[in-house]
Visitor: 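Would you mind keeping the following structure in view while I ask a few things?
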Number of protein chains: 2
Amino acid sequence: MKNATIDLPSLPRQRLGDQIADVLRQQILLGQLPPGKNIPERETAAALGVSRTPLREGLLTLEAEGLVEMSPSKSPVVANPTFVEVSHLLLVQSALEELAGECACDEATEDEIDKIEDMHKMMLANVQEPDQIKFFQIDMAFHEAIVASTKNPSLIKTHKQYHSRLWRVRFLSARRRAARDKAMIDHGRIVEGLRHRDKEQVSSEMREHLRRAIDNIRIVFAEEEASAAVNG
Amino acid sequence: MKNATIDLPSLPRQRLGDQIADVLRQQILLGQLPPGKNIPERETAAALGVSRTPLREGLLTLEAEGLVEMSPSKSPVVANPTFVEVSHLLLVQSALEELAGECACDEATEDEIDKIEDMHKMMLANVQEPDQIKFFQIDMAFHEAIVASTKNPSLIKTHKQYHSRLWRVRFLSARRRAARDKAMIDHGRIVEGLRHRDKEQVSSEMREHLRRAIDNIRIVFAEEEASAAVNG
DNA sequence: GATATATATTTGGTATACCAACTAAAGGTC
DNA sequence: GACCTTTAGTTGGTATACCAAATATATATC
């Protein structure tokens, strides 16, 4: 053989549609594509330098994830869930994280628990930081790390999808100082439970942690509504 | 206005890709497209009388659901999960049904509980029927009805997807008489709990009902493996 | 001037055409 | 005769072209 298995580092192949879905998903999460925003196919495809076919495949992926809504003869639009919808999502996510907590007690390595605890400590150090974006990112990574430690690909994937749909509203919620304080208490108990491999404690704490978040999010929705009423 | 809002009954518009996904999903569940089967795009599109574009969109939907696997330069193929993968799926499904049981106690109407109990009675009448397909279909409808009674669209949708991926293996499992007997006991407790709106009983029974199924499914996989070793 | 109709434009939905990567078979060389 | 090379054919991936429905606009009529 001459040069077989060289595997030149050119990253040639992931489907374009998947890459596009990744790009658009990021833009939605970061708020560059805000809820309600239209995503006309031709225009967006041109902006990304691709044709409509793979763009469409990416949009369909995001529709399946619930981040984009498509209806006949109308431009695809970034999803803008109501409070009721968000509370439904949070219930499912709470069940997924409850399971994750239970499985993590069996499957997480000591090293993974170390990493999770590090994140918790880092959050504690940033809890009263005015720059809330850092705090929030670690918060999300904290939850992702616990789910990842279960090594259950289906759980990880489904959780990630709900994570995306809840991203924005949880970001808005995390700006509330009271919410952050409560979160730190919950997280502390979760880390403690993981250390002792206490399934009951970890799973119930993770479930209740998310369910309690519903109250903060209700307030966020009420504030947004009031703000919208003022601004028109 | 002359004839507006007439809405002629021609069922013109659901996206072709969605219809195709529905057709292929049915064929996969019914075993007409068995696990491992190739689904070449051109050939399948021609057989369905459509072009590759909407067929592809349907296939991508099924890929997102985990029923089909697509890899570059290879024909899409019907997923053929291993026992480990199925056990992972079942864990997630058990968490979803646990949540469904809890929510159903709050949200189910008396009428819905009547329907669920009717299904249970019908299963009891068919438990020793040699024609297992009827028993199995009611079994699946029983679980679906409980989830539907929660009125949580996200939960319903996600549950349905896991339902599809687990359909075949649960069908194989339901052929075992011992599994059917156990299922009837569990179902009886679930119906009883629903009647009393006992969240704790219903949710824990639904969780354990599915987790116990893992044992039967392990046997099914072992049998299939042994059979495969003999036949080829 | 208001309304209604016709037309032009924009949208998403679908079909077709083209391309690159992979596979396999055929042919040539040692 | 075995092995390497080349070429033809198949596959999925992408781009383009076409179509129908919906909408907005302009024009004609009352």
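A, B, ... follow the sequence lines: proteins, then strands. Residue 1 opens every chain.
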Visitor: What's the closest nucleotide to the side chain of A/S75 if the choices are C/dT11, D/dT14, C/dT14?
Guide: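 Side chain of A/S75 sits closest to C/dT11.
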Visitor: Measure from CG on B/D18 to P on C/dG12 and round the result to the nearest Å.
Guide: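 In whole Å, C/dG12 P and B/D18 CG are 16 Å from each other.
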Visitor: Just how far, in rounded Å, is C1' of C/dT11 from CZ of A/R52?
Guide: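 Atom-to-atom, A/R52 to C/dT11, this comes out as 8 Å.
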Visitor: Which whole-number value in Å describes the distance from A/E43 CD to C/dT11 P?
Guide: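 Spelled out: CD on A/E43 to P on C/dT11 is 8 Å.
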Visitor: Between C/dG12, D/dG12, C/dT14, which nucleotide gets closest to the side-chain atoms of B/R15?
Guide: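 Nearest to the side-chain atoms of B/R15, counting from C-beta on, is C/dT14.
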Visitor: Taking the nucleotide of DNA chain C with the nearest heavy atom to each, does B/S73 or B/S51 sit closer to the 5' end?
Guide: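 Nearer the 5' end of the strand: B/S51.
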Visitor: Give a yes or no answer on whether the side chain of B/K115 reaches the backbone of B/I113 with a donor-acceptor pair at less than 3.5 Å.
Guide: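 No: the side chain of B/K115 does not pair with the backbone of B/I113.
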Visitor: Whole-Å distance between C/dT11 P and A/M70 CE?
Guide: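 It works out to 14 Å between those atoms.
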Visitor: For the pair made of CD1 in A/I20 and C1' in D/dT14, what is the distance, rounded to whole Å?
Guide: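 It is 10 Å, rounded to the nearest whole Å.
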Visitor: OP1, OP2 of C/dG12 versus side-chain N and O of A/S71: anything below 4.0 Å?
Guide: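 No, outside the criterion.
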Visitor: For residues 35-43 of chain B, which side-chain N or O atoms pair as donor and acceptor with protein atoms under 3.5 Å away, sequence neighbours left out?
Guide:
{"from": "B/E41", "atom 1": "OE1", "to": "B/R52", "atom 2": "NE", "distance (Å)": "3.2"}
{"from": "B/E41", "atom 1": "OE1", "to": "B/R52", "atom 2": "NH2", "distance (Å)": "2.9"}
{"from": "B/E41", "atom 1": "OE1", "to": "B/R56", "atom 2": "NE", "distance (Å)": "3.4"}
{"from": "B/E41", "atom 1": "OE2", "to": "B/R56", "atom 2": "NE", "distance (Å)": "3.1"}

Visitor: Do B/R207 and A/E102 meet the salt-bridge criterion of a basic N to acidic O distance under 4.0 Å?
Guide: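 The answer is no: the pair does not qualify as a salt bridge.
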Visitor: May I ask you to say what A/T53 touches in the nucleic acid, namely base, sugar-phosphate or nothing, with a heavy-atom cut-off under 4.0 Å?
Guide: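 If one applies the 4.0 Å heavy-atom cut-off, A/T53 turns out to touch a base.
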Visitor: Let me spell it out: for each of A/K74 and A/E57, pick the nucleotide of DNA chain D with the closest heavy atom. Which residue's pick is nearer the 5' end?
Guide: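 In this pair, the answer is A/E57.
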Visitor: How many whole angstroms separate atom CD of B/E41 from atom C1' of C/dT14?
Guide: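 So the two atoms are 15 Å apart, to the nearest Å.
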Visitor: Between D/dC18, D/dT11, C/dA15, spot the one nearest the side chain of B/R42, thanks.
Guide: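 The closest nucleotide is D/dT11.
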Visitor: How close or far is atom P of C/dG12 from atom CD of A/E63, stated in whole angstroms?
Guide: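 Rounding to the nearest Å, CD of A/E63 and P of C/dG12 are 13 Å apart.
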Visitor: Which whole-number value in Å describes the distance from B/L55 CG to D/dT14 P?
Guide: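 So the two atoms are 16 Å apart, to the nearest Å.
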Visitor: Taking A/E98 for its side chain and B/A95 for its backbone only, find out whether a donor-acceptor pair lies under 3.5 Å.
Guide: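 Between the backbone of B/A95 and the side chain of A/E98 there is no qualifying donor-acceptor contact (under 3.5 Å).
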Visitor: Measure from the side chain of A/V50, starting at C-beta and using heavy atoms only, and say which of C/dC18, D/dA15, D/dT14 lies closest.
Guide: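 Closest nucleotide among those given: D/dA15.
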Visitor: Name each donor-acceptor pair under 3.5 Å that joins a side chain in residues 217-224 of chain A to protein atoms two or more places apart or in another chain, with its distance.
Guide:
{"from": "A/R218", "atom 1": "NH1", "to": "A/D215", "atom 2": "OD1", "distance (Å)": "3.2"}
{"from": "A/E224", "atom 1": "OE2", "to": "A/R168", "atom 2": "NH2", "distance (Å)": "2.9"}

